[in-house]
Amino acid sequence: MSEAPRFRFAPSPTGFFHVGGARTALYNWALTLRTGGTFVLRIEDTDESRNSPEWTQGIIDALSWLGIDSRHPQFEGPYFQSENAHLHVAAAHRLYEAGHAYWCDLTAEQIQERAKETGKQGYDGYSRDRGLEPGPGRVLRFRVPEGVTVVNDLVRGRVEFSNDTIEDFVLLRGNGTPMFLLANVVDDIEMRISTVVRAEEHLPNTPKQQLIWDALGHTSPVWAHVPVLVNEQRKKLSKRRDKVALEQYKAEGILPDAMVNYLMTLGWAPAGDTEIVPWSRIVDEFRLEDVNHSPAFFDIKKLSAFNGDYIRAMSLESFIDACAPFLVDAPWPADRFDAGTFAQMAPLVQTRVVTLSEVPAMVDFVFLADPEIDTDAWTKTMGTDFAADVLRDYSAAVGDCTWDHETLKSILEKWTEERGLKLGKTQAPVRVAVTGRTVGPPLFESIEVLGREETLRRLGSALARLA
RNA sequence: GCUCCCAUCGUCUAGAGGCCUAGGACACCACCCUCUCAAGGUGGCGGCACGGGUUCGAAUCCCGUUGGGAGUGCCA
């Protein structure tokens, strides 16, 4: 009987949560849930001074936003790699004693010089048989054996590396601290990790790790290297060039469900004709064996489309709730905001936004004392020969009518018909007078929400400006 | 340079030798609907990188070419 699988997610402390990391986390999480396994979170840096409580909390918050709850019974951690330093060092010494490693006193400059002489790249194994004892400034190097190392990868199949292309890499630095590669393997052994799902960029280092697993007397885990996410130039997503921080998408009003769903369709697709599927189906269907082999472009446009879809699928109540954080630092005076009024506008904007951050700009004219009138909008709509008439007549008619959008519409419809015009034309000056823009939520519903007094005031001031 | 990975519409993908005249989604275009803008509906544009094999039959298997990407630290 085999043990339930143990996955691990190991972000490094970089200060922000990468969308690529989010996808890897999601892969691990989906598999954890389906197999009844465990998701191990490990904050990965051998230097503890680079860890910070804020960053750890940031990771946990980001994971939680993605639906990966650190209080879930299948969630373990966070562990800190730096706290295991003594284990890493101990393992290194075991490796040395067993003859799998040796000490070397060459500096980086010396190595480079030798490389130049021999015409080969990298370290040439100079100290292999010099029998050096440990000493200050000396590094411990792994003695890469002869032969080939075969990495069996769940998404890529069998990948073969000839050992003579792998140089004797450093295990322990000159100051005695362990290197990432070693620390990683020791931690994985310690935490009984059975499956390593990570980005493809780690594949070239995998034979080294596998060699350490072997030398330490353990069977290496199941590897799964998933393709990286790339930008439009087909380069790996980078912090400098690309928008990669999950937090930023959250701040812009991308819904977590949409983000999760979109991320999962990069390199994989659920069965059937639609990519918009609930998480439960992803958990049921996701298989590493089905993950694509080639890098995927992280397309913000498609993410937005997913998000719009998710927004429209929300109930009105949850939409209103979701909008709340985006209405606090809005462009209107706080005391003019009214939740009830917003609730009336909400169904009007729900089909019109793609991200939640667009909501304030769509309803601001309701809460602003004096919404700015867009210059282009004004010149485009007020130049018509009927602009002044429609404003004046509508103002008069609306002064004492029944205050609902059907009536408000029928009044303008009637006026329009009598003059053989189109409502599409005649509504424009009214819209600009009332909202300041040519586009926006349905006009008559908006006017109804705005109220008679304010509507008349705005119509009046537009009229005055026109005269 | 060396090592490794990858290659289906612009993009994300479906595709396990005949179900492929290559399916879907995003984007784009057109039309319908319509008080603006959206949403929704209908339709359209558009692809197996190239060259050789294997096979009765290749997007699918093999080889090569080309093109992309990653790795190559006393970083993680």
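Everything quoted here is computed from the prediction, not taken from an experiment. All chains are named by letter (A, B, ...) in the order of the sequence lines, taking the proteins before the strands, and each is independently numbered beginning at 1.
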Nearest-neighbour nucleotide for the [X] side chain, [options] considered:
| X | options | answer |
| --- | --- | --- |
| Pro442(A) | A76(B), C6(B), C35(B) | C35(B) |
| Arg156(A) | G71(B), A76(B), C6(B) | C6(B) |
| Arg431(A) | C35(B), C4(B), A39(B) | C35(B) |
| His293(A) | C6(B), G71(B), A27(B) | C6(B) |

Quiz item: Glu445(A) side-chain donor-acceptor pair to C35(B) base, under 3.5 Å: yes
Donor-acceptor pair present, Glu200(A) side chain and G69(B) base, under 3.5 Å: no
Under 4.0 angstrom between [X] side-chain N/O and [N] OP1 or OP2:
| X | N | value |
| --- | --- | --- |
| Arg312(A) | G40(B) | yes |
| Asn292(A) | A14(B) | yes |
| Arg173(A) | C75(B) | yes |
| Arg234(A) | C12(B) | yes |
| Lys409(A) | C35(B) | yes |
| Lys236(A) | G71(B) | yes |
| Arg198(A) | A70(B) | no |
| Thr46(A) | A76(B) | yes |

Figure out the [atom1]/[atom2] separation between [X] and [N], and round it to whole Å.
| X | N | atom1 | atom2 | result |
| --- | --- | --- | --- | --- |
| Leu203(A) | A70(B) | CG | P | 14 Å |
| Gln233(A) | G69(B) | CD | P | 10 Å |
| Asn261(A) | A25(B) | CG | P | 15 Å |
| Leu266(A) | A25(B) | CG | P | 18 Å |
| His225(A) | A70(B) | NE2 | P | 16 Å |
| Phe306(A) | C12(B) | CZ | C1' | 8 Å |
| Lys302(A) | C26(B) | NZ | C1' | 5 Å |
| Glu232(A) | G69(B) | CD | P | 14 Å |

If you look at every strand shown and take non-hydrogen atoms under 4.0 Å, does [X] touch a base, only sugar-phosphate, or nothing?
| X | answer |
| --- | --- |
| Lys425(A) | nothing |
| Thr438(A) | base |
| Leu140(A) | nothing |
| Phe161(A) | sugar-phosphate |
| Ala305(A) | sugar-phosphate |
| Phe297(A) | sugar-phosphate |
| Asn205(A) | base |
| Ala296(A) | sugar-phosphate |
| Gly137(A) | base |
| Glu275(A) | base |
| Val159(A) | sugar-phosphate |
| Pro227(A) | nothing |

Is [Y] paired with [X] through a side-chain N to carboxylate O contact shorter than 4.0 Å?
| X | Y | answer |
| --- | --- | --- |
| Arg281(A) | Asp284(A) | no |
| Arg130(A) | Asp105(A) | yes |
| Arg42(A) | Asp188(A) | yes |

Derivation of the ring-ring contact (aromatic ring centres under 6.0 Å, His included) call for Phe298(A) and Tyr262(A): CA-CA 9 Å; Phe298(A) 186 82; Tyr262(A) 175 64; 5.5 Å; yes
Nearest-Å distance once atom P is located in both C32(B) and A14(B): 37 Å
5′-ward residue of the pair Glu160(A)/Met179(A) relative to RNA chain B: Glu160(A)
Nearest-nucleotide 5' precedence on RNA chain B, Asp105(A) against Phe444(A): Phe444(A)
Close side-chain approach of Phe386(A) and Leu421(A), heavy atoms under 4.5 Å: yes
Greater than 12 external heavy atoms within 6.0 Å of Gln112(A)'s CD: no
Interatomic spacing from CG in Leu443(A) to CG in Leu412(A) - rounded to 0.5 Å: 8.0 Å
Cation-aromatic face contact Arg141(A)/Tyr123(A), 6.0 Å, 45 degrees: yes
